[in-house]
Amino acid sequence: MIRIFTDQKAAEATRRAGRDVWSAPAAAEALAVLGVPATVHDLADGPLPAETAPVLVVDHPGDETAAVLLAWTADGGGLVVCGHDPGWTGIAATPAPDEAVVTLGADRLRAFGGWALDETGEVVAHWADGRPAIVTSPHGRGSIAVVGPDLWHTLVRITQGHPVHADGVPPADGSAPVDDGWLKTDDGIALSWAEDRAVPDADAPYEHVHPPARSLPYFATAQADRWREALLGLLLDAAGDAAIPLVAPWPDGAPAAAHVSHDSDANDDPSARAALDAFAAADIPVTWCFLYPGGYSPAVYDEVVAAGHEPGLHYNAMLDTPDCTWGFDRLRDQLAWATYQVRGAAIVTNKNHFTRWEGWDEFYLWCERLGLRVDQSHGPSVQGAIGFPFGSCHPHHPILGAAHGNRPADVLDLPLQTQDLWLTCTDEVRDGFVDEALRRHGVVHLLFHGQHLQHHAEVRSALAETVARLRAAGAAFHTSVALADWTERRRALRVHTTTHDGGVTVTVEGGPGVDGVALLLPPYLVPAGGEPHERVQRYGRAFTQVVLHGRTLRLVAA
């Protein structure tokens, strides 16, 4: 198992002073998203176990512990250091800007804080000013990799944005008019409108019309996912010959997943039945978010549930009426209303109408109190924010503020990429973000509204075409609750390896079972018993993938 080395005592003291410490919770969440077996090792826990798996050092270890870690590395261990001044490793560093760009391979990624490094060993990435951002260096018989950018602050800031207390500042090109008087998730986007979007059509300004007259700029790179992949590569390289099995991201080893949600804006029966027909023709289950006030006739709610769709809430805080404003009581009451409409069926998913948002973490706390397991609000409300405005296509647990211990919220954030294909983006933009989600092995999340499926044949065609394309790429369609159930099952697994007699035995513990679970293993290993396996590319690397048929698997050299 990867050991996440942290200093919980120092972190808790900092949090009591009202300052966030993202390190350990953000590191654990990043590895959980990747399916990496990991455990947190606190400074107070004493010496590290005598294991060969890499150690991820996320807090400053102090002089005495640093000496122990360096000695362990010199004896053949692998260290990956990130999130604090790495000078103790012998690699000198100076503070980097609070916000800057890092060039990593072909990608330009935004980073928030950290250190610029001396040119020691191999330089893996550079800051925009040319100084090294990630370096790897031999240390005795082992290795040290140092990530200069504060990866934990960067991941949290990109995926959760800035706290929303006022309208966002829109880009000057007119493509994303977020300054509309309503507070929404994309008012808090931390990525740069000017630097972090792809520009398919360089002519500006852009007219914000539906359907778009031409391709608007969009957030084409899932930057947080790319940062996680970079971390994974460093850990696997640091592992050397040690086998680090990963739990594959999706059931049966699928390369990606797909999700369609439906928002019931307008609440008229004809548009609902048009949506039911479109989803039936595509043969997909959807998460159907019901909007208060008004509502369909009772028969429509029954038809939605009978068709196998998941009932959800479309929380409305967009009206001046007391029952449609921002607040816990309104969310609670609207959830009770929606539950009544579906005759008491469980509702565990929500998406805020117009991606409405305020503050930082209060909404996640409300969801926890009400048993809402998934929130889908982090996505674009305007055309120019389509794609990955929060840098991820993977379900993940947001990190709460210092007042709540910077713990992961007991709510999954399921990012949204666009609304109503054809009406909001061109095929060029659609193909761009779909390709990126497939490349990052995440979820392609498409939102539709019944009235647009009813009145625009082009929207219906775009739905059918995109569903066919995703299926051809190997992505299965899941409801939101199914994605939550799978994520919970996957994270409950504990994977261990033992090496003996020239082979490796992998043991999987925890969780209700291993049906549909696949492991990603080093490409030089294959199942000893001839079990079916395949060579796959995941996270930019080659793996042997095996779908499990039991909790133990014996591996030998290929």
Side-chain angles (χ1 to χ4, degrees), residues 159 185 250-251 257-265 267 272 275-276 279 284-292 295-296 300-301 304-317 328 330-357 361-381 390 392-398 408-419 442-450 476-491:
T159 57
T185 58
W250 305 113
H259 172 65
V260 169
S261 60
H262 174 273
D263 292 351
S264 70
D265 302 17
N267 276 326
L276 282 167
F279 299 144
I284 54 172
V286 310
T287 297
W288 200 299
C289 300
F290 297 118
L291 180 73
Y292 176 91
Y296 301 126
V300 168
Y301 292 102
V304 169
V305 174
H309 302 310
E310 175 199 358
L313 177 64
H314 195 34
Y315 169 49
N316 186 0
F328 172 78
R330 269 69 71 197
L331 176 66
R332 178 199 60 205
D333 294 346
Q334 290 186 28
L335 177 60
W337 167 85
T339 303
Y340 176 80
Q341 303 304 314
V342 293
R343 305 180 189 273
I347 292 178
V348 298
T349 296
N350 170 73
K351 182 193 302 99
N352 290 345
H353 189 39
F354 274 79
T355 70
R356 181 80 165 81
W357 199 264
D361 58 7
E362 63 188 43
F363 191 79
Y364 296 126
L365 294 167
W366 297 349
C367 289
E368 285 185 338
R369 290 173 63 184
L370 293 171
L372 289 166
R373 297 171 59 196
V374 185
D375 183 72
Q376 303 183 345
S377 303
H378 274 79
S381 72
F390 295 95
S392 182
C393 53
H394 282 270
H396 57 272
H397 287 279
D410 191 17
V411 182
L412 271 182
D413 184 325
L414 178 56
L416 166 69
Q417 282 114 44
T418 194
Q419 308 177 22
V443 180
V444 178
H445 177 185
L446 307 172
L447 161 64
F448 290 89
H449 295 82
F477 282 78
H478 307 269
T479 62
S480 181
V481 69
L483 290 170
D485 288 344
W486 169 256
T487 300
E488 188 174 295
R489 278 189 60 208
R490 178 175 177 249
R491 289 179 179 228

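Residues: numbered from 1 along the sequence shown. All values below were derived from every heavy atom in this structure, side-chain atoms included, with hydrogens, water molecules and symmetry-related copies excluded. Note that the structure is predicted; figures quoted are calculated from it, not measured.
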- Query: Can you check side chain to side chain donor-acceptor pair (under 3.5 Å) on Thr349 and Ser480, steps first, answer last?
  - Reply: CA-CA 7 Å; Thr349 296; Ser480 181; 3.0 Å; yes
- Message: Show, in sequence, the C-alpha distance, side-chain angles and deciding distance for Gln417 and Val443, and conclude whether the side-chain contact (heavy atoms from CB on, under 4.5 Å) test is met.
- Response: CA-CA 9 Å; Gln417 282 114 44; Val443 180; 5.7 Å; no
- Message: Go through it in stages, so that I can follow the logic: the residues are Leu335 and Asn350, the test is side-chain contact (heavy atoms from CB on, under 4.5 Å), and I'd like the CA-CA distance, side-chain angles, deciding distance and then a yes or no.
- Response: CA-CA 9 Å; Leu335 177 60; Asn350 170 73; over 6 Å; no
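Taking each heavy atom of Val342 and Pro311 in turn, the nearest pair found is CG1-CB, 3.9 Å. Of all heavy-atom pairs spanning Ile347 and Thr339, the tightest one is CD1-N, 3.7 Å. Of all non-hydrogen atoms in Pro285 and Gly308, the two that sit nearest each other are CB-O, 4.1 Å. Of all the heavy atoms in Pro380 and Thr355, the pair that sits closest is O-CG2, 4.1 Å. Minimum heavy-atom separation, Ser264 to Trp288: CB-NE1, 4.0 Å.
Here the CZ atom belonging to Phe448 is positioned 8.5 Å from the OG1 atom belonging to Thr418, to the nearest 0.5 angstrom. Between the SG atom in Cys367 and the OH atom in Tyr315 there is a gap of 10.0 Å [rounded to 0.5 Å]. Atom-to-atom distance recorded for Lys351:NZ and Leu291:CG is 11.0 Å, nearest 0.5 angstrom. Distance check, rounded to the nearest 0.5 Å: CG of Asp485 to NE2 of His478 gives 11.5 Å. Atom CD of Gln419 is separated from atom CG of Asp265 by 8.5 Å, given to the nearest 0.5 angstrom. Between the CG atom in Asn316 and the CG atom in Leu331 there is a gap of 11.5 Å [rounded to 0.5 Å].
Counting only residues at least two apart or on different chains, no salt bridge (Lys or Arg N to Asp or Glu O under 4.0 Å) pair has a member in residues 305-314.
Annotation: side chain of Val374 is not in contact with side chain of Val348 (no heavy-atom distance under 4.5 Å). Between His396 and Pro415 the shortest side-chain heavy-atom distance falls below 4.5 Å. Considering only heavy atoms from C-beta on, Glu368 stays 4.5 Å or farther from Tyr364 through its side chain. Under the 4.5 Å side-chain criterion, counting only non-hydrogen atoms from C-beta, Gln376 is in contact with Thr287. Counting heavy atoms from C-beta on, the side chains of Asp375 and Trp366 never come closer than 4.5 Å. Side-chain atoms of Trp250 and Leu483, non-hydrogen and from C-beta on, do get closer than 4.5 Å to each other. Counting heavy atoms from C-beta on, the side chains of Leu414 and Leu416 never come closer than 4.5 Å. Between Val444 and Cys393 the shortest side-chain heavy-atom distance does not fall below 4.5 Å.
Looking at Asp263, its side chain never comes within 3.5 Å of a backbone N or O of Leu447 through a donor-acceptor pair. Between the side chain of His397 and the main chain of Asp413, no donor-acceptor pair closer than 3.5 Å is present. Under a 3.5 Å cut-off, the side chain of Glu362 and the backbone N or O of Phe328 do not form any donor-acceptor pair. A donor-acceptor pair under 3.5 Å is absent between the side-chain atoms of His309 and the main chain of Val304, judged by distance alone. A donor-acceptor contact shorter than 3.5 Å is absent between the side chain of Tyr292 and the backbone of Ala338. Of the possible donor and acceptor atoms, one in the side chain of Ser377 sits under 3.5 Å from a partner among the backbone N and O of Asn352.
Qualifying side-chain hydrogen bond (donor to acceptor under 3.5 Å, both in side chains) partners for Arg356, counting only residues two or more places apart in sequence or in other chains: Glu358. Taking Ala346 as the reference, nothing meets the side-chain contact (heavy atoms from CB on, under 4.5 Å) condition, with sequence neighbours excluded.
By the 6.0 Å contact criterion, CZ on Arg369 is open, its count of non-hydrogen atoms from other residues, nucleotides or ligands being 12 or less. Annotation: Phe477, atom CZ; neighbour count of heavy atoms from other residues, nucleotides and ligands within 6.0 Å is above 12.
A perpendicular orientation is assigned to the rings of Phe390 and His378, their planes being inclined by more than 60° (bins at 30° and 60°).
Counted by atom type alone, Ser261 and His445 present one or more donor-acceptor pairs between their side chains at under 3.5 Å.
Remark: aromatic rings of Trp337 and Tyr340 are distant, center separation not under 6.0 Å.
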